[in-house]
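The chains referred to below are lettered A, B, ... by the order of the sequence lines, with proteins before strands, and numbering in each begins at 1.
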Amino acid sequence: MMSAQLKDVIIKPDAPSSLLLDKHADYIAAYGSKKDDYEYTLSEYLRMSGVYWGLTVMDLMDQLQRMNRQEIIDFIKACQHECGGISASIGHDPHLLYTLSAVQILCLYDSLDAIDVDKVVEYVKGLQQDDGSFAGDKWGEIDTRFSFCAVATLALLGKMDTINVDKAVEFVLSCMNFDGGFGCRPGSESHAGQIYCCTGFLSLTGQLHQLNADLLGWWLCERQLPSGGLNGRPEKLPDVCYSWWVLASLKIIGRIHWIDKAKLQRFILACQDEETGGFADRPGDMVDPFHTLFGVAGLSLLGDEAIKPVNPVLCMPEDVLQRVGLQPDLLS
Amino acid sequence: MHGRVKVKTTAQQEEEKKKEREKKLKVYVAARDACFSKRKDGVLDDEALQLTQQLLSANPDFATLWNYRREILTHLETVKDEDEAQKIYEAELSFLESCLKVNPKSYGSWHHRGWVSARLPRPDWARELSLCDRCLSLDDRNFHCWDYRRMVVKMSGVPVKQELEFTDRLIGSNFSNYSSWHYRSTLLPLLHPGSPEPPPSRCGGDPPHSCSPPSPQAHFHRVCEEQLLKEYELVQNAFFTDPNDQSAWFYYRWLLGRAEREEVISCAYVSREQERVAVAFSRPVNAQSGGLLLVLDGQPQRAEWRSVHPHFKHSPVWICDLPPGTISDVANEHNLTVHWTEKHTHRDCALYTGRSESWCRDTATDLELFRSELSVEKTSVLQSELQSVNQLQELEPLNKWCLLTIILLMRALDPLGYEKETLAHFQTLKEVDSVRSAYYSDLCSKFMIENTILKMEYAEVRVFSISDRNLTTLCHLDQLLLVTHINLSSNQLRRLPPQFAMLQCLEVVEADNNSIENLEGVYHLPKLEEVSLKNNKISTLADLQPLASCPKLRRLDLRGNPVTQTANVESELAELLPSVADLLL
Ligand SMILES: [Zn+2]
């Protein structure tokens, strides 16, 4: 009989313990200039999200002006397809994931008029299925992540009323599990990333009261390990990105105080790379823009005043959402 | 991007790596560009299949290439006969198997496999199921594979019983398997539905085994008692074997608390003086979206329902004002009915001559009030469960899962009788699992509030008093609609939250000696006269703003709050709260 071994990491005493904002800004600013790098090229299939991660973290650090605004806006324009959807990069196919990322970037830059917004709305609307769910693209993969992408895109565009919201809610609720969490599809196991998408979805659709917040909050706060980091499912290793998804979900359901903030802060800070800047998934691993955003955003939710306040539902700076006029619900 | 350890390298190693990467880049970019240009030209041939295969083997997340392959395959399907198509798709499945071996967690590969399997002229679902078996034997937590398995099961009509036996096997070989416990939670109610409600016919004509599982939070998601006893035994085996394995404990908590409260109007209240009706529901609703009908003396009223606080679009308590003069004459008797039409339920309330107010509600008992958290199983069963877990606790006195479960069982059995033990266990819990002490404090607060409500119900009074109990949060305020006096003194509260506005009959609030800094919920309370907030943390006049919405407030005690140090506090407050005659600073 095997027994459960506690999976966790040990934070070394010499791990970084203060926030290295300048290094992170330099890391992100330099990242986009490695365009002929092999690893960079391999990640082309998610470029639009990569740009969103980089720009959002720069904006949270108040360094957005260091990025090449016009080049990025032109890139997004070139990625919008005839159907209205937006692709990760030129030559790639449109998808809800990258459509949301593109809309988020254009909100950061206050430049939604750069794309054909009506067509984006048509594209999103066209992906809703009879059961209320959303396909990620025309090939029909169904996932609660795509339900979130759809309503987040429409909320940012102020066009939520173009889809069948009741049906969309019904589908997401059909993915709720015995532990109060959510998975990809009805019957799928709970997972912090999906929980973030579904609580965010219910926030944007004004349906947070449908959650069993006490039960879900318990599952979420049990993600905190002795190292202070949070994992995404029981018996998994802690990770900076899961720390964000769990933390943001707890914030949305009004229970962020159920974890030990100081310990989490120490874990996130230990995931910084002092040499290169940036955050890794765990202390001592390779950094990337994805974990850099979620590290910085997590610290913002924990109240770090060197960083702009971040919105837990959309992972964007609060001042940007104020400009857009969007204030998603949070449970109190 | 996950789990890549940073390794220190020398300059020479770095240089070699760089050269190697440059070489790889060239090959990759050439293949990618060839793919893109072929696709642009509408070419759907074998060479394109080979090129995409080469790229996807290295990078299965390149979603567009899977799309291209699907375009090619659907085209080939139209030009080949069935046997050839079968062969092409089978080749695709072998290619996918090799991709999944290298990267078993790629969304793109799994989705493509599902797509191919569904298009195969002669699908072999047994093979797919055994692929899942093999994959799960390598990693029994791979949720992509679990999801694919569920699809295969659905497509091929694998009996639920067979899948439940599969989880028996997995759990038998390793109790610490959250994915298997989760799967059980979706299968059990399908196979052993609890009476009285059978699973609803939401699946149309499909046989039950191909149903998508209903939400476990839903009303009908029950398991019959006989099976439940077997499950208790299975879980006990698990947590006696490894008391620190959280999977079994999560599952056990679910088994303990499946009952849902009925959807009803739990209370209707009418006040002659305010000419107002207040209604409490068993769950948050949006009364403005219709479905609620108010009938007064046989006449349907055009009622405008409002939630008690602008913060809530959905709320368990709603109020509406009747037209002036409708019920104000004490010489008249009135009969009121509130219909919740979509739930086919209603509540009557009679306002007799000479009476200033009236209400109608269920006589609340412990079972009805807090059933949503507790089981309605037989006491004898729960009693023996408690004995077993107590035995385990003797062996593992500091096991948090065990302590929490004991608390839950005690609450299911006799919440008031076990109050002292419950509090002691909470104290230990906060010490052994200090990271989550705020969670335990809030949960303990919730249970103490439930106990106080029960005591209040038994005493048939409208006074809710819970002082010196270390309360960190307030909840169940919808149950306090009729309360006139509340005493929350000497706790650790930081706010009177928006939900506090549900206490529509409140006349007196005592909340001394807390850490209250926010009074958002003391909002439009029509009968509120006295508020005592001695020794709290109210620091600005703006924090007191909500009180200005309570028209009858005449006594306010703010002694021991930072706000009393504000310049001109007395005159400022006189302006802000003109009705207050008795101000203590
Ligand atoms: Zn991660």
Side-chain angles (χ1 to χ4, degrees), chain A residues 1-4 6 36-39 41-42 45-46 87 91-93 95 137 139-141 173-174 176-180 183-191 206 209 212 214 217-219 221-222 224 226 233-236 239 257-260 263 273 280-282 284-286 288 290-291 332, chain B residues 1-6 21-22 24-25 28-29 36 58-59 61-64 66-67 70 107 111 115 141 143 146-147 150 173-176 178-179 182-183 185-186 212-217 241-242 244-247 250-251 254 284 311 313-314 434-436 438-439 442-443 446 497-499:
Chain A
M1 193 67 61
M2 288 198 283
S3 90
L6 189 60
D36 45 6
D37 181 80
Y38 178 58
E39 307 279 334
T41 309
L42 275 188
Y45 71 89
L46 53 67
S87 56
H92 292 246
D93 291 345
H95 196 283
D137 63 11
W139 294 100
E141 188 182 4
L173 291 176
S174 75
M176 198 192 282
N177 289 321
F178 80 108
D179 46 27
C184 303
R185 288 179 282 280
S188 304
E189 183 183 343
S190 298
H191 176 294
H209 64 283
N212 187 341
D214 282 341
W218 178 52
W219 189 91
C221 77
E222 280 295 341
Q224 188 160 34
R233 291 192 287 160
E235 291 132 25
K236 295 281 179 184
D239 182 328
H257 61 291
W258 283 2
I259 55 136
D260 187 325
K263 282 193 128 182
D273 188 320
D281 57 349
R282 286 182 273 282
D285 282 0
M286 301 282 281
D288 59 65
F290 176 79
H291 289 96
S332 62
Chain B
M1 290 189 296
H2 281 112
R4 285 177 49 201
V5 181
K6 188 175 169 179
R21 279 205 296 265
E22 273 165 16
K24 274 169 136 178
L25 179 68
Y28 182 85
V29 168
F36 279 174
N59 192 2
D61 294 322
F62 198 151
T64 300
W66 290 118
N67 298 345
R70 284 189 279 269
Y107 283 96
H111 175 246
W115 183 88
R141 298 296 305 286
F143 71 84
W146 278 105
D147 283 344
R150 279 182 272 269
S173 68
N174 178 9
F175 281 131
S176 172
Y178 197 87
S179 304
H182 159 78
Y183 197 22
S185 81
T186 67
S212 54
S215 155
Q217 310 296 321
T241 307
D242 182 359
N244 289 309
D245 168 27
Q246 56 185 305
S247 306
F250 271 102
Y251 188 70
W254 173 69
H311 186 81
K313 285 185 218 96
H314 292 83
S434 61
V435 169
R436 273 162 285 272
Y439 168 67
D442 283 0
L443 189 64
K446 181 178 173 179
Q499 289 85 346

On a heavy-atom basis, which atom in [X] and which in [Y] lie closest, and how many Å separate them?
X: A:Ser332; Y: B:His311; answer: OG-NE2, 3.9 Å
X: A:Asp285; Y: B:Gly3; answer: OD2-CA, 3.4 Å
X: A:His191; Y: B:Phe143; answer: CD2-CE2, 3.4 Å
X: A:Thr41; Y: B:Leu25; answer: OG1-CD1, 3.2 Å
X: B:His314; Y: A:Gly206; answer: CE1-O, 3.3 Å
X: B:Tyr439; Y: A:Asp214; answer: CE1-O, 4.4 Å

Heavy-atom distances under 4.5 Å only: say whether [X] touches chain B with side chain, backbone, both or neither.
X: A:Asp137; answer: side chain
X: A:His291; answer: side chain
X: A:Tyr45; answer: side chain
X: A:Leu42; answer: both

Worksheet, complete the sentence: Across all chains, not counting sequence neighbours, the side chain to side chain donor-acceptor pair (under 3.5 Å) partners of A:Arg185 are none
Worksheet entry | Among B:Trp146, B:Tyr183, B:Trp115, B:Tyr107, residue most engaged with chain A (heavy-atom pairs, under 4.5 Å) | B:Tyr107
Practice prompt. Considering only heavy atoms and a distance below 4.5 Å, find which of B:Ser179, B:Ala63, B:Ala58 pairs most often with chain A.
Written response: B:Ser179
Separation of [Y] [atom2] from [X] [atom1] (nearest 0.5 Å):
X: B:Tyr251; Y: A:Phe178; atom1: OH; atom2: CZ; answer: 8.0 Å
X: A:Leu46; Y: B:Asp61; atom1: CG; atom2: CG; answer: 8.0 Å
X: B:Thr186; Y: A:Asn177; atom1: OG1; atom2: CG; answer: 8.0 Å
X: B:Asp245; Y: A:Glu235; atom1: CG; atom2: CD; answer: 5.0 Å

Practice prompt. Could you have a look at A:Arg282, A:Gln224, A:Arg233 and say which one has the most heavy-atom pairs with chain B under 4.5 angstrom?
Written response: A:Arg233
Side chain, backbone, both or neither of [X] within contact of chain A (heavy atoms, under 4.5 Å):
X: B:Pro497; answer: neither
X: B:Gln499; answer: side chain
X: B:Lys24; answer: both
X: B:His2; answer: both
X: B:Phe250; answer: both

Item to complete: Verify side chain to side chain contact (heavy atoms under 4.5 Å, CB included) between B:Leu443 and A:Trp218, making sure each step is shown before the conclusion.
Response: CA-CA 10 Å; B:Leu443 189 64; A:Trp218 178 52; over 6 Å; no
Worksheet item: For the residue pair B:Phe36 and A:His92, does the interplanar ring angle fall in the parallel (under 30°), tilted (30 to 60°) or perpendicular (over 60°) class?
Response: perpendicular
Worksheet item: Where the side chain of B:Arg21 meets the backbone of A:Glu39, is there a donor-acceptor pair that is under 3.5 Å apart?
Response: no
Discussion item. For A:Gly187, is there any backbone N or O sitting under 3.5 Å from a side-chain donor or acceptor partner on B:Arg150?
Written reply: yes
Worksheet item: How far apart are the C-alpha atoms of B:Tyr178 and A:Lys236, what are their side-chain angles, what is the distance that settles it, and do they pass the side chain to side chain contact (heavy atoms under 4.5 Å, CB included) test?
Response: CA-CA 11 Å; B:Tyr178 197 87; A:Lys236 295 281 179 184; over 6 Å; no
Discussion item. I'd like to know whether A:His257 forms a side chain to side chain contact (heavy atoms under 4.5 Å, CB included) with B:Asp442, so could you lay out the CA-CA distance, the side-chain angles of the two residues, the decisive distance to 0.1 Å, and finally the verdict.
Written reply: CA-CA 10 Å; A:His257 61 291; B:Asp442 283 0; 2.7 Å; yes
Fill in: Short N-O contact, A:Glu189 and B:Arg141, less than 4.0 angstrom
yes
